[in-house]
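The structure under discussion appears below in the form of structure tokens.
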Amino acid sequence: MAKIKRDKGLDNTLKVFKQGYLYTTNQRERLGAEVFETRALGGKSYVVLSGKEGAELFYDNDKIEREGGLPKRVVNTLFGKGAIHTTTGKQHIDRKALFMSLMTEGNLEYVRKLTRNYWKANTARMEAMGDVNVYQESIVLLTRIGMRWAGVTAPEEEIERIAEDMDIMIDSFKGLGNAFKGYKSSKDARKRVEDWLEDQIIKTRNGEINPPKGSSLYELAHWRDYEGNQMDSRLAGIDLMNTFRPLIAINRFVSYGVLALYEHREAIRKMSTVEDYPYMFAQEVRRFYPFVPFLPGKTKVEVEHKGVTIPKDQRLVIDVYGTLHSEELWDQPNKFIPERFRDWDGSPFDMIPQGGGDYWTNHRCAGEWITIIIMEETMKYFANEITWDVPEQDLTIDLNSIPGYINSGMVINNVREKVDRF
């Protein structure tokens, strides 16, 4: 077996954040290797996997685990201590079954209805605003949708603050390159949201509030594990947050999607005339634009991959962005082509913007279906229900910045309800 090639350096964290989504691709090309090692986050060794075969290995539960793979700062700010993302084995499968039980046909149809209705109701507000920053506008609207879907409540005057706290947590990933910048504000934001949701769990258990049966709040408040134990109220609040926090992160996809509608004007017509186009468009937005850069794991056993031996207990990352832009997997990967998903085979190892593998046993996001539904309805709204203009602004996306976003946030103006008066 060949020796794993290495990106030299005692700690390449700054290089990773300087090159952003392109770091892993740059190093593979420079080293001439499909698999390479780097050191980051305090000089820790990471082996970088990519592509369909890399994902197949990464999501092999007999060989790879996620427990202990996530950096402490990501756990403390984005996911929460003890969150399902940090579990493995029987405990993970047990709690993942709870998350998957929320993805009923009725719950999925409900989030579709909520998305459609909330955007429609927001039209008058956007008409009166002048300039509308789609990125910012989506944060609050998606928070309202997520809260309603999950069955949680808050005073009206608190919702914008909750939305802001959620966005701070999601944006905290960029703080990994700096020991101090933004970390405290992210932890403070998480504490405020955790306090609120733990209170919702406790009040539900005490009968003070009565969320709908089948909602995230109801099911998490009353759930018991495979040993019959009730979940700690704090942990239940954390998992409750993780059932609808990803919905708020979709604001990035929404802004990307509106940009794609603007840059590919034929998509507006196709949204109502081409069969399954909203689905294909939503999938291509998720594939094409930068979202999750990479995901961490650790080997349970020694494994062989691509002609190299990877030792037991080796930290790994799967290159998400590189896999989604691999020329071996995607025809013209750097072009925006929604129709590529017309005949896509549905592989769980090439389309991995929110994780890969099996929904039930792996760490693939249980809310991926909801993401697609929200994107379908949102893009139909922007294409079919309103008209809008795009003022001059910086529409570039810096791939050297993590997390990715449109520099201007995607600003539109002159929003008007689309009405056929003839």
Side-chain angles (χ1 to χ4, degrees), residues 21 112 115-139 141-142 249-291 321 324-325 330-344 351 353 371-399 404-422:
Y21 291 88
R112 186 181 295 279
T115 305
R116 187 184 303 128
N117 291 346
Y118 271 78
W119 276 116
K120 186 73 172 176
N122 202 54
T123 300
R125 167 184 157 84
M126 293 196 296
E127 286 180 337
M129 285 176 67
D131 286 347
V132 178
N133 186 307
V134 174
Y135 178 93
Q136 294 294 333
E137 190 71 8
S138 299
I139 296 172
L141 188 136
L142 290 169
I250 299 171
N251 77 313
R252 286 151 173 80
F253 285 141
V254 170
S255 61
Y256 289 148
V258 174
L259 174 62
L261 287 175
Y262 172 65
E263 293 185 336
H264 306 274
R265 302 299 285 180
E266 74 282 358
I268 292 179
R269 174 186 58 80
K270 291 180 178 180
M271 203 65 67
S272 60
T273 61
V274 176
E275 185 180 4
D276 293 332
Y277 194 79
Y279 164 79
M280 294 187 290
F281 186 90
Q283 288 286 54
E284 183 67 346
V285 168
R286 296 172 65 240
R287 183 202 70 82
F288 182 78
Y289 292 100
F291 188 59
Y321 183 82
L324 295 173
H325 290 79
W330 308 98
D331 181 39
Q332 302 181 80
N334 294 315
K335 287 190 175 182
F336 187 84
I337 309 173
E339 286 84 355
R340 72 173 76 245
F341 285 98
R342 189 184 306 282
D343 299 316
W344 176 55
M351 184 60 179
T371 299
I372 295 170
I373 287 170
I374 289 177
M375 281 299 294
E376 286 176 342
E377 294 302 320
T378 300
M379 292 303 101
K380 286 192 290 185
Y381 169 78
F382 277 93
N384 302 334
E385 301 296 329
I386 59 174
T387 61
W388 38 275
D389 296 326
V390 177
E392 186 175 347
Q393 61 191 284
D394 183 0
L395 293 174
T396 59
I397 299 169
D398 185 3
L399 294 178
Y405 52 86
I406 303 166
N407 284 336
S408 65
M410 190 62 214
V411 176
I412 61 175
N413 60 15
N414 298 325
V415 174
R416 293 292 181 268
E417 183 180 13
K418 189 181 290 187
V419 179
D420 184 0
R421 296 183 183 273
F422 299 98

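Residues Ala260 and Tyr289 approach most closely at CB-OH, 3.5 Å, considering heavy atoms. Heavy atoms only, all atoms of each residue included: Val274 and Met280 are closest at CG1-CE, 4.4 Å. For Met410 against Ile406, the heavy-atom pair with the smallest separation is CB-CD1, 3.8 Å. A pairwise comparison of heavy atoms in Ser272 and Asn384 identifies CB-OD1, 3.7 Å as the closest pair. Closest non-hydrogen pair, Asp131 versus Pro391, comes out as OD1-CG, 4.4 Å. When all heavy atoms are compared, the tightest approach of Ser138 to Trp119 is OG-CH2, 3.8 Å.
How far NZ of Lys380 is from CZ of Arg116: 6.0 Å, rounded to the nearest 0.5 Å. Here the CD-NZ distance, from Glu385 to Lys120, works out to 4.0 Å after rounding to the nearest 0.5 Å. Arg286 contributes atom CZ, which lies 13.5 Å from atom CZ of Phe281 (distance to the nearest 0.5 angstrom). Rounding to the nearest 0.5 Å places CG of Leu142 at 11.5 Å from OH of Tyr118. Note that CD1 of Ile372 is 7.0 Å distant from CD of Glu376, once rounded to the nearest 0.5 Å.
Side chain of Tyr21 to backbone of Gly404: a donor-acceptor contact under 3.5 angstrom is found. Put simply, the side chain of Tyr277 never gets that close to the backbone of Arg269: no donor and acceptor are under 3.5 Å apart. Checked by atom type and distance alone, the side chain of Arg340 never pairs as donor or acceptor with a backbone atom of Glu284 at under 3.5 Å. Arg252 places no side-chain N or O within 3.5 Å of a backbone atom of Pro290 that could act as its donor or acceptor partner. With hydrogens and angles ignored, the 3.5 Å screen pairs no side-chain donor or acceptor of Asn251 with any backbone N or O of Gln136. Judged by distance alone, the side chain of Tyr405 and the main-chain N or O of Phe291 form no donor-acceptor pair under 3.5 Å.
Aromatic ring centroids of Tyr381 and Trp388 lie 6.0 Å or more apart.
The shortest distance between side-chain heavy atoms of Ile412 and Tyr262 does not fall below 4.5 Å. Here the side chains of Thr123 and Glu127 are in contact, with some heavy-atom distance below 4.5 Å. Residues Met271 and Leu261 are in side-chain contact: their nearest non-hydrogen atoms beyond the backbone lie under 4.5 Å apart.
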CA sep, side-chain torsions, deciding dist, call: Ile374, Phe253, side chain to side chain contact (heavy atoms under 4.5 Å, CB included): CA-CA 10 Å; Ile374 289 177; Phe253 285 141; over 6 Å; no

Residue pair Ile397, Leu259: steps toward the side chain to side chain contact (heavy atoms under 4.5 Å, CB included) verdict: CA-CA 11 Å; Ile397 299 169; Leu259 174 62; 4.0 Å; yes

Assess whether side chain to side chain contact (heavy atoms under 4.5 Å, CB included) is satisfied between Leu324 and Met351, documenting all intermediate values. CA-CA 6 Å; Leu324 295 173; Met351 184 60 179; 4.0 Å; yes

Please determine whether side chain to side chain contact (heavy atoms under 4.5 Å, CB included) holds for the pair Met375 and Gln283, giving the CA-CA distance in whole Å, both sets of side-chain angles, and the decisive distance to 0.1 Å. CA-CA 9 Å; Met375 281 299 294; Gln283 288 286 54; over 6 Å; no

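Summarising the local packing, CZ of Phe336 is surrounded by more than 12 heavy atoms from other residues, nucleotides or ligands at distances under 6.0 Å. More than 12 non-hydrogen atoms from other residues, nucleotides or ligands lie less than 6.0 angstrom from CD of Glu266.
Donor-acceptor pairing under 3.5 Å is lacking for the side chains of Glu377 and Thr115.
Ring geometry for Phe341 against Trp344 counts as perpendicular: the plane angle is over 60°, on a 0 to 90° scale with 30° as the lower cut.
Look at Glu275 and Arg342 and you find no salt bridge, because none of the NZ, NE, NH1 or NH2 atoms lies under 4.0 Å from a carboxylate O.
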